[in-house]
Amino acid sequence: MADYPDKKKWEELATKELRGEPVESLDWMTAEGIKVKPLYTAEDLEGLDSINTLPGYSPFVRGPRATMYAGRPWTIRQYAGFSTAKESNAFYRSCLAAGQKGLSVAFDLATHRGYDSDHPRVIGDVGKAGVAVDTVEDMKILFDEIPLDQMSVSMTMNGAVLPILAGYIVTAEEQGVSRDKLTGTIQNDILKEYLTRNTYIYPPEPSMRIVADIIEYCAKYIPKYNSVSISGYHMMEAGANSVQQVAFTLADGLEYVKAALDRRLDIDDFAPRLSFFFGIGMNFFMEIAMLRAARYLWADEISKFGPKNPRSMMLRTHCQTSGWSLTQQDPYNNIIRTTLECLSAVLGGTQSLHTNSFNEALALPTEFSSRIARNTQIIVQEESQICRVVDPLGGSYYVEALTSAVVREAKKIMEEVEELGGMAKAIESGMPKRCIEESATRRQARIDQGEETIVGVNKYLIDEEPSGEILKVSDEIRKEQIARLKKIKKSRDSDAVHKALDTITNCAKSGGNLLEVCIPAVKARATVGEITQSLEKVFGRYTATTQSISGVYVSAFKDREKIDSIRKRTDEFMKREGRRPRILVAKMGQDGHDRGSRVVATAFADFGFDVDISPMFQTPGDVAKMAVENDVHVVGVSTLAAGHKTLVPQLMYALKEEGGADITVIIGGIVPHGDFDFLYSKGVKAVFVPGTSMIDSANLVMDALDK
């Protein structure tokens, strides 16, 4: 029998190995503020009430199902959609033939924001970052030869959720599938849109009414369908750490529970059909602990409502590997990153999973990169043998202690949200958005100074430009969609459409279930834009206030010499020009992802720039007018949705028309290297890809201004 030493003897040995340094020097502080020790033992699990549970039993720390993957592996999904419904349908069918088990539909930004493809505000967005859907005819093509009574379909839709879900129901009926047979999920999580993703349409109050209407309708008529997918993924992508992702996501969920209970629904009528969606990053064990902690906390919170069905307390989740962790530099490294994130999600106990394609930091995924992403899951599922054991990490000293720490820290944030009056009130106060933006900025500072390693970005760099096939969506797609729209409008019964749209407007005014009245309008071939406008007449279209934070980047950046150097340059510019360099950070088109633009605005303000931030969803003309009126030196365009080749030339033209031809234009975001020369030929002075240091980008901007 081996003689195992006690913990004190281990500390003595470790101290010797560290040549006299204290063992505490091995401690590590995570981004969440959780202290991680170099050694965990049984002592660290004393008093934890979560470690003696079994899978399938509340609080479900070890998984919502008793047998987990030993009984049924997680569902392999692929979040996809681009161009037209016809092209997306062909892609879906090829994925299903190659081993994918469920569909996750990505709609384009025009659809998300409730605009038809012929609307002038979406000229650069149609079919670019998802599939364009204007009417139920597009939806029917999208699911052609895909039996909806046999296929679980997840749809990421929030702002325009009513016409899209109604379109799905009508598509199924016209396939011969009754609504009670439908399985899958509609995201329908509008609160996180005001926090991070920004594809909202209406103000918060009527938006919450829409969520409750859908929960109510699905509970009555689509009992197998998940009426809300409460999403932390977009919070993670916006910069939330794992504790924030858990806390704010569950707080959103509780807000939806309260909204449903206000409709006099019983908790057991709808809670079993609530699902979640978490993002999985590169802190391997933290992501595992996050999913375990989320299940524990949700069971604890729902138990307060007195459910009789244990499934009401069961947190079931889809997961997606991080898009933000993907790098444009040395992109094949992303295959390894996604594999690690996939394994982390699985060991954490996800019910379904999407793995991102390695080239998504360059452009839309190709068929080749999508196959690798899908096969990553298949290989882990069928070759690694991890599905043979239920919760293989259960009882791990480190994982259990980390789970407990996430529970403890997330509870603190959830209590703060509750003190503010719940998540809706907290969002109005700006607290969650501010916390997430500060987290994103601190992380960027850690990466820029090398405290957090990103291989190929701030360590082990190579000089080669990324190569490989890039998927590009032609602007001709918009013309095709407009032609289809004209044809449908010409052939439909206009009187029936107008009558159905009036019914929707009256329902919005006087009450009633909005999903129920949208279904006849969709059957009559009303468009997504028309249904949206009929609701806008009552609810209006929401415009968020633009705020920025300051001091966060510089407080997290320890290399004072680099900070002082860039500040010296901006100070010298002020002495020479009589004012500080002024930059307008702008988002054009319907892309709502603003992590990059927010971090840039914060960092540049800390460097000594005067910073203006445009409202979201601007046209090139809007941005040009604001730039000239604010007398800026630089316009910094943030782009993530493949509209840059359309929108940036329009911006350059608009600046000339407004008398701002001398304003320097730079662009940052997901821009393929093959597009650089095109943008330079249009007058763009610099292009910054994901991973560019804030210090480096600021110096390059100053180089352009000093010429």
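In what follows, residues are counted from 1 in the order of the sequence shown.
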Visitor: Consider only side-chain N and O atoms of Arg62 and Tyr296, and report whether a donor and an acceptor are under 3.5 Å apart.
Guide: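 The criterion, which ignores hydrogens and geometry beyond distance, is not satisfied for Tyr296 and Arg62.
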Visitor: Which heavy atom of Arg179 sits nearest a heavy atom of Ile222, and at what distance?
Guide: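 Result for this residue pair: O-CG2, 3.2 Å.
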Visitor: Does the side chain of Arg316 pick up a donor-acceptor pair with the side chain of Gln351 at under 3.5 Å?
Guide: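 The answer is no; no qualifying pair exists.
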Visitor: Identify the heavy atoms of Tyr194 and Ser207 that sit nearest to each other, and give their distance.
Guide: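 Looking at all heavy atoms of both residues, the shortest contact is OH-OG, 2.9 Å.
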Visitor: Check this for me, if you would: do Asp44 and Lys37 make a salt bridge, where the nitrogen-to-carboxylate-oxygen distance has to be below 4.0 angstrom?
Guide: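 Looking at Lys37 together with Asp44, the answer is yes, because their closest N to O distance falls below 4.0 Å.
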Visitor: Can you confirm if the aromatic rings of Phe539 and Tyr202 lie within a centre distance of less than 6.0 Å?
Guide: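 Ring centroids of Tyr202 and Phe539 are less than 6.0 Å from each other.
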Visitor: Should the pair Tyr221 and Tyr217 be assigned to parallel (<30°), tilted (30 to 60°) or perpendicular (>60°) ring geometry?
Guide: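 Tilted.
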Visitor: Looking at every non-hydrogen atom in both residues, tell me the closest pair between Gly512 and Asp213 and how far apart they are.
Guide: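 Closest approach of Gly512 to Asp213: O-OD2, 3.6 Å.
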Visitor: Is a donor from one side chain sitting under 3.5 angstrom from an acceptor on the other, for Thr199 and Glu193?
Guide: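 On atom types as modelled, these side chains qualify, holding a pair under 3.5 Å.
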Visitor: Check whether more than 12 heavy atoms from other residues, nucleotides or ligands sit under 6.0 Å from atom CD of Gln385, and answer yes or no.
Guide: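 Yes, CD of Gln385 has more than 12 neighbouring heavy atoms, counting only those of other groups under 6.0 Å.
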Visitor: We want to know whether Asn513 and Glu216 form a side-chain donor-acceptor pair, criterion being a heavy-atom distance below 3.5 angstrom.
Guide: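 Yes.
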Visitor: Are a donor atom and an acceptor atom from the side chains of His318 and Ser352 found within less than 3.5 Å of each other?
Guide: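 Present: a donor and an acceptor within the cut-off.
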Visitor: Taking atom types as modelled, find out whether Tyr256 and Asp189 have a side-chain donor-acceptor pair closer than 3.5 angstrom.
Guide: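 There is such a pair (donor and acceptor under 3.5 Å, judged by atom type) between the side chains of Tyr256 and Asp189.
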Visitor: Under 3.5 Å, is there a donor-acceptor pair between the side chain of Gln320 and the main chain of Phe278?
Guide: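 Not a single qualifying donor-acceptor pair exists.
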Visitor: Quick check for you: to the nearest 0.5 Å, what is the distance between Tyr225 atom OH and Ile169 atom CD1?
Guide: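 The distance works out to 8.0 Å.
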Visitor: Looking only at non-hydrogen atoms, find the nearest pair between Thr355 and Cys342 and report the distance.
Guide: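 Looking at all heavy atoms of both residues, the closest pair is CG2-CB, 3.8 Å.
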Visitor: Is there a donor in the side chain of Asn356 and an acceptor in the side chain of Thr338, or the other way round, less than 3.5 Å apart?
Guide: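 No pair is found: no donor N or O on one side chain lies under 3.5 Å from an acceptor on the other.
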Visitor: State yes or no: are the ring centers of Trp298 and Phe60 separated by less than 6.0 Å?
Guide: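 Judged by ring-centre distance (under 6.0 Å), Trp298 and Phe60 do not meet the cut-off.
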Visitor: Taking the six-membered ring for Trp, are Tyr233 and Phe277 closer than 6.0 Å centroid to centroid?
Guide: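 Yes - the distance between ring centres of Tyr233 and Phe277 falls below the 6.0 Å cut-off.
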Visitor: Could you verify whether a donor N or O on one side chain and an acceptor N or O on the other, from Thr249 and Asp252, lie under 3.5 Å apart?
Guide: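 Side-chain D/A pair, Thr249 to Asp252: absent.
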Visitor: Are Ser152 and Arg77 linked by a side-chain donor-acceptor pair shorter than 3.5 Å?
Guide: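 Distance-only check passes for Ser152 and Arg77.
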Visitor: Testing the 3.5 Å rule here: is there a donor-acceptor pair between the side chains of Glu237 and Thr196?
Guide: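 There is no such pair (donor and acceptor under 3.5 Å, judged by atom type) between the side chains of Glu237 and Thr196.
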Visitor: Is the shortest side-chain N to carboxylate O distance from Arg595 to Glu437 below 4.0 Å?
Guide: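 No.
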Visitor: Is Ser429 reaching over with its side chain to a backbone N or O of Ala426, donor-acceptor style, under 3.5 angstrom?
Guide: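 Pair found, side chain donor or acceptor close to backbone of Ala426.
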Visitor: So for atom NZ, which belongs to Lys425, do other residues, nucleotides or ligands contribute more than 12 heavy atoms lying within a distance under 6.0 Å?
Guide: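 Open.
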